[in-house]
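First up is the structure itself, then whatever we jot down about it.
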Amino acid sequence: MSALLPVSEALARILAGAEPVGAETVAIAQAAGRTLAEDVRALRTQPPFATSAMDGYAVRAADVAGASPEAPVRLAVAATSAAGHGARGPVRPGEAIRIFTGAPLPEGADTVVIQEDTDRDGDAVLAKAGNPPGRHIRGSGLDFREGDRLLQAGERLDGWRVALAAAGGHPRLSVRRRPRVAVLATGDELVRPGEPAAWDQIVASNGLALAAMAEAAGAEAIDLGIAGDSFAALEAAITRARDAEADLLVTLGGASVGDHDLVQSALTRQGLDLGFWRIALRPGKPLMHGRLGPMAVLGLPGNPVSSVVCGLLFVQPLIRALLGDPEAGADRSEPGLLGRDLPANDGRQDYMRAALDTAPDRLPVVHPAERQDSSMLSVLARSEALLIRAPHAPAARAGDPCRILRLDRGL
């Protein structure tokens with residue numbers, strides 16, 4: 001029997017065949033969650049003019065030099081400058097302009113005395129503190145200048161990146177279309193949630209998890225439903241995935257070697273170019289990868305935890321690669337400290353469900369669940385991270401360093 005493929009090599013092979021999907025243009029208000037197809041450069045300078053960083057009075061620094069509470073300087077208030085209602089000035093010697101945060105700095109003024117350091121006296125103001133030139137002023141272009149690169153292709157747009165693009169003058173953005181991910185649950189033992197189940201059937205849950213994970217990564221999930229254990233049902237579902245022009249078909253279950261595990265054979269009959277099958281992973285050993293023409297195929301195990309772990313390790317990175325993310329395969333693990341002793345590991349890379357004990361002044365302490373059965377969604381739902389144990393890792397003691405992959409509760 002051939003050696004099992006290491007997890008890192010499996011991921012590299014999956015990503016090697018991934019080409020970014022096409023681009024489309026969307027309104028800036030609909031851009032959150034999308035991935036940029038091209039760089040975004042500023043169409044304007046921000047701020048476009050010098051502005052006040054505080055409420056106070058725009059003055060000439062030379063006029064308030066030496067001002068103090070004991071010897072305030074009296075200045076005539078010539079005008080008011082507010083955001084959207086600027087006063088151009090000029091500020092002449094002996095004058096001040098009342099100014100508010102974000103308002104344009106009037107011509108002739110080179111500093112702002114904050115209102116806490118002033119007293120108003122009718123049409124005049126008493127400045128009780130001197131300021132050097134430039135104090136409390138945001139210069140033109142402080143944030144960025146026209147032509148600056150604000151965002152790079154491959155970046156996913158969260159709220160603040162959308163705001164940055166908008167501030168740069170972009171009403172629309174070029175983004176990758178959402179990769180279409182078809183999700184197919186398989187097995188005669190499955191029924192949909194809410195449907196009556198026979199005594200020997202269970203509710204299909206994996207597909208909901210994988211669809212949610214696909215959409216969280218930026219894809220459009222296509223629910224192919226449940227295909228029973230027959231070539232006719234499986235091939236009909238595969239045809240539906242092709243008709244939907246799916247970029248990725250994710251099958252759940254039926255990828256092992258039992259008499260009822262028909263998925264790989266059904267795909268082969270449809271022309272599957274098999275990349276690999278079975279990897280050195282726990283949970284998730286019977287992972288399958290290949291292509292059906294332009295459509296990538298990932299066959300995931302049927303056990304719920306196995307399918308979720310494979311979704312984290314392979315499905316989501318592949319979606320990121322289809323979106324043009326240059327860091328699609330980046331290691332997202334982080335250090336931790338073991339919370340209990342563990343025996344030596346065998347030849348598979350292990351991802352153990354675990355809780356975390358966190359504090360601001362130390363690494364998280366990782367407490368693997370006592371029961372690691374790959375069918376137990378309740379353990380996974382209570383977990384905060386996956387503890388990663390390398391193949392053939394020696395026995396470890398509480399307090400030893402380890403690596404973890406945090407579970408994204410944004411799903």
Taking the side chain from [X] and the backbone from [Y], do they hold a donor-acceptor pair closer than 3.5 Å?
X: Ser52; Y: Met54; result: yes
X: His392; Y: Arg348; result: no
X: Thr35; Y: Glu155; result: no
X: Gln201; Y: Ala198; result: yes
X: Glu384; Y: Ala355; result: no
X: Asp273; Y: Gly290; result: no
X: Ser230; Y: Ala233; result: yes
X: Asp188; Y: Gly228; result: no
X: Arg353; Y: Ala369; result: no
X: Asp148; Y: Ala42; result: no

In Å, rounded to the nearest 0.5 Å, how long is the span from [atom1] of [X] to [atom2] of [Y]?
X: Leu322; Y: Leu248; atom1: CG; atom2: CG; answer: 7.0 Å
X: Leu4; Y: Ile279; atom1: CG; atom2: CD1; answer: 8.5 Å
X: Arg149; Y: Leu151; atom1: CZ; atom2: CG; answer: 9.5 Å
X: Leu300; Y: Ser306; atom1: CG; atom2: OG; answer: 9.0 Å
X: Leu173; Y: Thr25; atom1: CG; atom2: OG1; answer: 8.5 Å
X: Ser333; Y: Leu386; atom1: OG; atom2: CG; answer: 11.0 Å

Please determine if [X] and [Y] form a salt bridge, counting it only when a charged side-chain N lies under 4.0 Å from a carboxylate O.
X: Glu334; Y: Arg406; value: yes
X: Arg177; Y: Asp247; value: yes
X: Lys128; Y: Asp117; value: no

Does anything in residues 361-370 pair up under side-chain hydrogen bond (donor to acceptor under 3.5 Å, both in side chains), and if so which pairs, sequence neighbours excluded? Asp357-Arg362
Between [X] and [Y], is any pair of side-chain heavy atoms under 4.5 Å apart?
X: Leu252; Y: Thr186; result: no
X: Ile99; Y: Pro106; result: yes
X: Leu126; Y: Val73; result: no
X: Pro317; Y: Leu11; result: yes
X: Pro20; Y: Arg176; result: yes
X: Leu377; Y: Ser205; result: yes
X: Val181; Y: Ile319; result: yes
X: Leu190; Y: Ile202; result: yes

Considering residues, nucleotides and ligands other than Arg88, do more than 12 of their heavy atoms fall under 6.0 Å from its CZ? no
Can you pull out every ring-ring contact (aromatic ring centres under 6.0 Å, His included) where at least one residue sits in residues 282-319? Sequence neighbours excluded, please. Phe276-His289
Just to verify, what does Glu235 make a salt bridge (charged side-chain N to carboxylate O under 4.0 Å, His left out) with, not counting sequence neighbours? Arg269
Identify the heavy atoms of [X] and [Y] that sit nearest to each other, and give their distance.
X: Leu234; Y: Ala227; value: CD2-CB, 3.8 Å
X: Ser81; Y: Ala87; value: OG-N, 3.2 Å
X: Ile226; Y: Gly187; value: CG2-O, 3.8 Å
X: Pro133; Y: Thr111; value: CA-CB, 4.3 Å
X: Ile97; Y: Gly89; value: CD1-CA, 4.1 Å
X: Asp39; Y: Ala153; value: OD1-N, 2.8 Å

Could you walk me through whether Glu24 and Arg34 pass salt bridge (charged side-chain N to carboxylate O under 4.0 Å, His left out), step by step? CA-CA 10 Å; Glu24 60 186 10; Arg34 305 300 294 272; 2.4 Å; yes
Could you give me the CA-CA distance, side-chain angles and deciding distance for Ser307 and Leu210, then say whether side chain to side chain contact (heavy atoms under 4.5 Å, CB included) is met? CA-CA 8 Å; Ser307 65; Leu210 268 295; 4.0 Å; yes
Determine whether Ile114 and His136 satisfy the following criterion, side chain to side chain contact (heavy atoms under 4.5 Å, CB included), listing intermediate values before the conclusion. CA-CA 8 Å; Ile114 61 174; His136 305 310; 3.5 Å; yes
Within 45° of the ring axis of Phe100 and under 6.0 Å from its six-membered ring centre, is that where the NZ or CZ of Arg98 lies? yes
Pairing donors with acceptors under 3.5 angstrom, does anything connect the side chains of Arg389 and Gln349? no
Show, in sequence, the C-alpha distance, side-chain angles and deciding distance for Thr51 and Arg138, and conclude whether the side chain to side chain donor-acceptor pair (under 3.5 Å) test is met. CA-CA 5 Å; Thr51 68; Arg138 295 174 179 145; 4.7 Å; no
For Arg145, which residues count as a side chain to side chain donor-acceptor pair (under 3.5 Å) partner, sequence neighbours excluded? none
Non-neighbouring partners of Ser374 that pass side chain to side chain donor-acceptor pair (under 3.5 Å), sequence neighbours left out: Asn303
Leu407 vs Leu380, side chain to side chain contact (heavy atoms under 4.5 Å, CB included): CA-CA, chis, key distance, verdict: CA-CA 9 Å; Leu407 295 172; Leu380 178 64; 4.1 Å; yes
Salt bridge (charged side-chain N to carboxylate O under 4.0 Å, His left out) between Arg192 and Asp223, intermediate numbers included: CA-CA 12 Å; Arg192 287 183 177 273; Asp223 180 13; 3.2 Å; yes
Kindly state each residue pair satisfying salt bridge (Lys or Arg N to Asp or Glu O under 4.0 Å) with at least one member in residues 43-66, sequence neighbours excluded. Arg60-Asp63
Salt bridge (charged side-chain N to carboxylate O under 4.0 Å, His left out) for Arg161 and Asp158? Distances and angles first, verdict last. CA-CA 5 Å; Arg161 287 179 173 84; Asp158 48 29; 2.5 Å; yes
Stepwise, does the side chain to side chain contact (heavy atoms under 4.5 Å, CB included) test hold for Val21 with Arg180? CA-CA 10 Å; Val21 297; Arg180 292 181 285 272; over 6 Å; no
Of Val305, Leu387, Leu281, Val308, the one forming a side-chain contact (heavy atoms from CB on, under 4.5 Å) with Tyr351 is Leu281
